[in-house]
Each structure stands twice: as structure tokens, then as C-alpha cells.
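Written below as C-alpha cells is the structure these notes are about.
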Amino acid sequence: MKIASWNVNSLNVRLPHLQQWLADFAPDVVGIQETKLEDHKFPDTALLEAGYRSVFAGQKTYNGVALLSRQPAQDVQIGIPGFEDAQQRVIAGTVGGVRIINLYVVNGQDVGTEKYGYKLRWLEAVREWVRSELAIYPKLVVLGDFNIAPDARDVHDPAVWNEQHILTSAAEREALRALLDLGLHDAFRLHHQEAGVFSWWDYRAAGFRRDLGLRIDLTLVSDALKAEAIDAGIDREPRTWDRPSDHAPAWVQLA
DNA sequence: ATGGTGGTCCTACCA
């Protein structure tokens, strides 16, 4: 089973890319972030024609998440239970006996800002929810745009992307570590140790052309799935297409 | 290091 995560940065603009990539890559499940679409505008019919069922939680202009799957998702959950949030950043469902939690983690703007505080509170709420989900669903995948680069190998310039910088700050990395400590594994690092494999390149300053990227799109697998996670990676191909998302899809293959 | 680009919506805000 191939499970993927892709921040499309507007599904309205990127639907042709998504359709092409679904045909090329043929994932079984995809978590989508930044759809930026209200639910009545979600292209579920077009995706069904591509062979995928959709569940989604969107809003106007910002955020918005969806879960696409060849088989219908069961027990769909929108939002973090018990955590009031006006922003649509979470959708979960069960496909083929695997619980999949799709996250669009708060960006956080800059260290110390109000949005940064929201990011850390949000991550804490996610962690406590994932703790309870793991107790119910040992076979769990947490994927999405984490807006956190796990370590120095995951940034093009560790001197710039340091412990004071957004996406790499100490508190953000500690929040990711606390999530992993529940019994999750960064699937990419189970199989690849090299530095310089990125999933996001800033549109600004010709980031992709110069390969000034970060790896912030992750697929985490639970202890019970660790042996089944036979490979993971990032598909840079759609980032080379005309008018691309700033993110490339991250994926994990389960045996 | 700064500023640069892109999406939404049309004026800034977010990333």
C-alpha cells in the first residue's frame, strides 16, 4: 500500500497536477493539505473519475485538508477532538485497517509570535490526540505538512535554519520529538540517512532552481507498522512541472 | 541577510 502526503497550495489551481500525479504514481491513499476550497467546491467528482474517493474539510482562502483513497475511508474524523480550532487542518480516516491522520501543521510565522504560540499549543493537542488514537489503532500513519524540519540534514543551510528560526526552532523540534516518542518513526529515515533530500522549496529567490529546500513533509509510521514500511521518499517530479505547488509529495510504501 | 514569488481576492494576508 502506497500512502502519500502532498501540500498542493490550492486544489483549484493544482487539480490538473493532482490528476496527473495520481495517474503516474498510483498511490492507494493521499493526504492533501492547503486545498483552500470550501466543501461545496471540492472536486470530488473529478477525483472519483480518477479512481479516488474523497473526504475533506475546507474553508475559504486558507488551510483545508482532504483524504483521497481507492477504498472508502472509515471512521472519518475532522479536527482534533476537544480542541477548538477555526482552521481546517486535520482529517483522519481508516483505510485497509490502517489509521491515517492527515495534518496541515500551523506554520508559526516567526519564533515568539502569537502564531508561534498557536503552533506549539496545536502540536501539543495533536500529540495527546495521537496518543489516544494509537491505543485504538496500533497501525497508525501520521502524515502531512509538518512545517518542521526534523534535523540539520533536512535543511539546505543549517546556519540559517537554526534553533532560533521558524520551522527549525528548538521548541518545534521538541514538539516533533514528543510526537515521535509516542511510538512513531519518520519513515524516510528508516531507509535513508543522507542530507539534502527536500520536500519544500520557497517560491521566492528561485528556491527550487538552486535547491534551497527543506524536508518538512513527513510520513510517520507507528511501531506496529515499522516492519511493513519497506521504503519512503519524496517525488520531486511534480515540483518541476509548470506552475507547481511549492511542495513535493512525500510517500511511504507499506508491504 | 534581504528580498524575492505565488494563492486568494482586490487589499492585504499568509506562506
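A note on names: the letters A, B, ... follow the listed sequences, proteins ahead of strands, and every chain is numbered from 1.
- One interatomic measurement links the two molecules: NE2 of A/His17 to P of B/dG7, which rounds to 10 Å at whole-angstrom precision.
- In terms of the side-chain hydrogen bond (donor to acceptor under 3.5 Å, both in side chains) criterion, residue partners of A/Trp161 (sequence neighbours excluded) are, by chain and number, A/His156.
- One atom, CG of A/Asn162, and another, C1' of B/dA1, lie 13 Å apart when rounded to the nearest Å.
- Set against B/dA15, B/dA1, B/dG7, the side chain of A/Val160 has B/dA1 as its closest nucleotide.
- Spacing of C1' atoms, B/dA1 relative to B/dA12, comes out at 25 Å, to the nearest Å.
- Distance A/Asp242 CG to B/dG6 P: 10 Å, rounded to the nearest Å.
- Annotation for A/Gln71: atom CD does not count as buried by contact number, only 12 or fewer foreign heavy atoms lying within 6.0 Å.
- Near DNA chain B, meaning a heavy atom under 4.0 Å from it, residues 200-220 of chain A has A/Tyr203, A/Arg204, A/Ala205 in order of number.
- Side-chain contact between A/Leu220 and A/Leu180 is present, with heavy atoms from C-beta onward closer than 4.5 Å.
- For the 3.5 Å distance criterion, the side chains of A/Asp231 and A/Gln253 fail to qualify, holding no donor opposite an acceptor.
- Cluster partners of A/Leu48, using a side-chain heavy-atom cutoff of under 4.5 Å among ILVMFWY residues and allowing indirect links: none.
- Taking atom CG on A/Asp110 and atom P on B/dG3, their separation rounds to 13 Å, with Å as the unit.
- Distances shorter than 4.0 Å separate some side-chain N or O of A/Ser10 from OP1 or OP2 on B/dT8.
- In this structure A/Ala152 satisfies the side-chain contact (heavy atoms from CB on, under 4.5 Å) test together with A/Pro158, sequence neighbours excluded.
- For the P atom pair drawn from B/dG3 and B/dG7, the interatomic distance equals 22 Å after rounding to whole Å.
- With rounding to whole Å, A/Gln59 atom CD is found 12 Å from B/dC14 atom P.
- Protein atom CD1 of A/Ile32 is 16 Å distant from nucleotide atom P of B/dG7, rounded to whole Å.
- Rounded to whole Å, the distance from CD on A/Glu34 to C1' on B/dT8 is 11 Å.
- Near DNA chain B, defined here as any heavy-atom distance below 4.0 Å, there are no residues from residues 164-173 of chain A.
- For the pair A/Asp157 and A/Gly108, both in contact range of DNA chain B, the more 5′-proximal nearest nucleotide belongs to A/Asp157.
- Here B/dT8 presents its P atom at 12 Å from CG of A/Asp246, a figure rounded to the nearest Å.
- Other residues sharing a hydrophobic cluster with A/Trp201 under the 4.5 Å side-chain heavy-atom criterion for ILVMFWY residues are A/Phe198, A/Phe208.
- Which of B/dG7, B/dA15, B/dA1 sits closest to the side chain of A/Asn107 comes down to B/dA15.
- When base pairs are accepted only as Watson-Crick or G-U wobble with both N-N or N-O distances under 3.5 Å, DNA chain B takes part in stems of 3 or more pairs at B:5-8 with B:12-15.
- Residues satisfying the side-chain contact (heavy atoms from CB on, under 4.5 Å) test with A/Asp202, not counting sequence neighbours, are A/Trp200, A/Arg204.
- Applying the ring pair (Phe, Tyr, Trp, His ring centres under 6.0 Å) rule to A/His191 yields no partners; only residues at least two apart in sequence or on another chain are considered.
- Using a 4.5 Å cut-off between side-chain heavy atoms of Ile, Leu, Val, Met, Phe, Trp and Tyr, A/Leu68 falls into a hydrophobic cluster with A/Trp6, A/Val8, A/Leu11, A/Leu15, A/Leu18, A/Trp21, A/Leu22, A/Phe25, A/Val30, A/Ile32, A/Leu37, A/Phe42, A/Leu47, A/Tyr52, A/Phe56, A/Trp241, A/Trp251.
- Within the 4.0 Å cut-off from OP1 or OP2 of B/dT5, not a single side-chain nitrogen or oxygen of A/Arg243 is found.
- Taking A/Ala227 as the reference, nothing meets the side-chain contact (heavy atoms from CB on, under 4.5 Å) condition, with sequence neighbours excluded.
- Contact check, A/Lys60 against B/dT8: no side-chain N or O comes under 4.0 Å of OP1 or OP2.
- The other residues sharing a hydrophobic cluster with A/Leu225 are A/Met1, A/Ile3, A/Val29, A/Val55, A/Val65, A/Leu67, A/Val76, A/Ile78, A/Ile91, A/Val95, A/Val98, A/Ile100, A/Tyr104, A/Val141, A/Leu143, A/Leu190, A/Val221, A/Val252, A/Leu254, where clustering joins ILVMFWY side chains under 4.5 Å apart.
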